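To start, the structure under review is shown below, and the notes come after it.
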Amino acid sequence: MKFWKKQVLFTVAAISVILGFGRYYIVRNNFIHSMSAIAMQKANQYLLEKYMLESKVVRNIQSGKEVTDETLLDFVRFPREYMGQGSEYVALYTEDYRQIYSDIDIEWLGPDVLRDLFQSQRERDDGGASSDYTYCLLRDKPYLLFASVWELHYRTVYLVNAYDVTVVFEERDRQSRAILLADVVILAVSSLVISLFSIFLTAPIKKLNRASRKIADGEFQERVRIGSRDEIGELAESFNRMADQVEERISDLNTLIKQKDDFLNGFTHELKTPMTAIMGYADLLRLKNCDEEISRKALNYIYSDSKRLESLAFKLMTLMSLSEEEMKLEDLDVQKLIRRVMKAEAELLKNAKIEAAAQPYMVRGDGELLESVLRNLIENADKAEPRDHKIRIRGEILRGGRYRISVTDRGRGIPREHLDRVTEDFYMVDKSRSRAGGGSGIGLSLVKKILDFHGSVLSIQSVENVGTTVSFELAGERIVSGTKTRPRSGEEPSAEARFHSGEGFGAEGEKDA
Amino acid sequence: MSRILIVEDEIAIADLIRIELEARGYRCEIALDGEAGADCIEKKQYDLLLLDIMLPKIDGYELLEYNRRTAQIPTILLTAKSRTRDKIEGLKAGADDYVTKPFEMDELAARIEAVLRRYHKGNEVQKIGDVEINVNMRTVKKAGEFVLLTPKEFDLLTLLVQNKNYALYRETIFEKVWGAELEFETRTLDLHIQRLRKKLDWKDRIKTVYKIGYMLED
């Protein structure tokens, strides 16, 4: 509210000052102009009167009559009596400023004023033809005072006439009042108009303010609708864009927080559960001397849950190190990599028959992490309990230079409703079976994270009770004896490469090559 | 004898609880998922329900609600979720108590007793031979007459009774009753055993087990 008031206040103040100056100059100008005109008119009138007096004196002398001071006085008084108008007051002074006649209370004007007047007259070149004037106040009314030298045959006198010019002043005051009134009306109306306009202009600012406050209170979806294309409209648009950013960031943060929360919850659960069993059974065993059956059961539980904790700890450490350190990307011989993994898993999974057919290629990635991925996928395939115990690994070169590795089993598969969620932290399709197998649901989420770092996506195809294929792609290049070049699609493999390509190799259970 | 239903999907933990509670004289049954749990509640009678929250098929809260609407068996929730608001949620949903994992078996047993006591379904009085032990009042009667036992003697007796017919290791007995390690106080335990034998005339019941410790025979 205060801003628009400020606007109105300052504008109106400025206008009134300007109007004030305007009024002053207009009135003053008019006054000066009027006064000049009146002065000129009165000057003429004075001269006329003087001329008439002079004529009279001359006629008298011509007709032989004598002219004395008395006759002069008669002449001076007479015209006024019958002319009526003209000067209101007249005075005659001798050369040494003695008053001969005056019907003006001129004494108080002071001899200096008159002396200056008469002095300036004497100094004139035109010998008194023109006249000087001044203003004075007689009985509180303004008068123009004319004075000039009158050369009579017997003496020199000064003729002083005073003319009433109240009219001019009255006109001036009237004008001033009229303009003032006009100014007041102008100010009043413009205050109103400016107020309205101001309020109208600042309404968007209020809108912005309200929206800001709402957002500050947490309603991040609030936006401002201001249609104008002026600076305020631009501000509104910038504001909205800023709010978009804020909302997005906050939503991202919330998602992140939730993710961390969920992860922590899952983690603590997967940690606490085996701990409960381990602690409980250990406590039991150290208290009482149990029979063989219970003792064995207790010890088995303690062992298997400890392994579970170990596997969990290891995977978590890998997860944590993933985000902190940088991966070591190098060029890896994919066949060697797969062979290494197969050997290790064959030791571990006694019943499994792992086969592989992989085209030779150099893939780009972190060797240890990729091994971890493959081992995880193979172990998952084994846990799916394929009836033929077979786990197939395939490696194929794709058009465009990438290399796809897939792991297939004919096991129990993943039900469709779980497919999207299997890579979530701690997610298990069948909890009891997973846990019995030493799992905690973290394997695939780890795999996904490793593949994310490699710029790769995990792709899972599965049909319940039929089988599952899990695959991912890596960047790489063809091995060309010594020099490495990127393969171009349709290019015939060189003689050496043909020897290797398509050849399969396998490993079975304990009978390792 | 009170019947307890254990609904817990981790078989290791379910087994552990069953072993311990059966030793303490309760009869236990196990259900490994929410659905099996609901079946048991529907078809049979129980004095207490031990319920895990994270269950497959039907989750703990749903089962709790089901129980509240039908059988209304006193329930203790068992779970790894230990945040205050999980506890509040659980208790508000109708549970009588809430135990977080990992827990000590003794604590769980004590809470079970407390809940059963509240509903007057507890094993208030345990009888062995002509000795009656009132767990609530912490009194012991021999052949109808009150026997005065010191607090430690009573706790020792309780431990022996809860684990009757099992040979108990000396160090652990001492730790459980006196809360300290046995090393320098070898005489204390033996003296207490002697006094118990004397006061209850149980020289034949409380047996010394060579190289292990003591056992109460019933």
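Bear in mind that the values here come from a model prediction, so they are computed numbers and not experimental data.
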Exercise for the section: Please look at B:I11 and chain A and tell me whether the side chain, the backbone, both or neither of the residue comes under 4.5 angstrom of a heavy atom of that chain. Expected result: both
Practice task
Heavy-atom distances under 4.5 Å only: say whether B:E171 touches chain A with side chain, backbone, both or neither.
Solution key: neither
Taking atom [atom1] of [X] as the centre, report whether more than 12 heavy atoms of other residues, nucleotides or ligands fall under 6.0 Å from it.
X	atom1	result
A:Q221	CD	yes
B:K199	NZ	yes
B:R138	CZ	yes
A:K390	NZ	no
A:K288	NZ	yes
A:Q461	CD	no
A:R249	CZ	no
B:E22	CD	yes

Handout entry: Modelled atom types, side-chain donor and acceptor of B:D15 and A:Y301, under 3.5 Å
Key = yes
Handout entry: A:Y281 side chain to B:L16 backbone, donor-acceptor under 3.5 Å
Key = yes
Practice task
Using modelled atom types only, decide if a donor and an acceptor are shared between the side chain of A:T276 and the backbone of B:K101 within a distance under 3.5 Å.
Solution key: no
Can you tell me how far the [atom1] atom of [X] sits from the [atom2] atom of [Y], to the nearest 0.5 Å?
X	Y	atom1	atom2	answer
B:I13	A:K272	CD1	NZ	11.5 Å
A:L287	B:E175	CG	CD	10.0 Å
A:R286	B:T172	CZ	OG1	5.0 Å

Exercise for the section: Indicate yes or no: at least one non-hydrogen side-chain atom of B:K176 is less than 4.5 angstrom from one of A:D283. Expected result: yes
Practice task
Using a 4.5 Å cut-off on heavy atoms from C-beta on, say whether the side chain of A:N289 contacts that of B:V209.
Solution key: no
Fill in the blank from the handout: Expected contact set for residues 408-421 of chain A against chain B at heavy-atom separation under 4.5 Å reads none
Completion exercise
Between B:I19 and A:L284, the two heavy atoms sitting closest are CG2-CD1, 4.0 Å
Problem - Derivation and outcome, salt bridge (charged side-chain N to carboxylate O under 4.0 Å, His left out), residues A:R308 and B:E10 - result: CA-CA 13 Å; A:R308 210 165 115 191; B:E10 281 274 332; 3.1 Å; yes
Practice task
Pick one of side chain, backbone, both or neither for A:I294, based on which atoms fall under 4.5 Å of a heavy atom in chain B.
Solution key: side chain
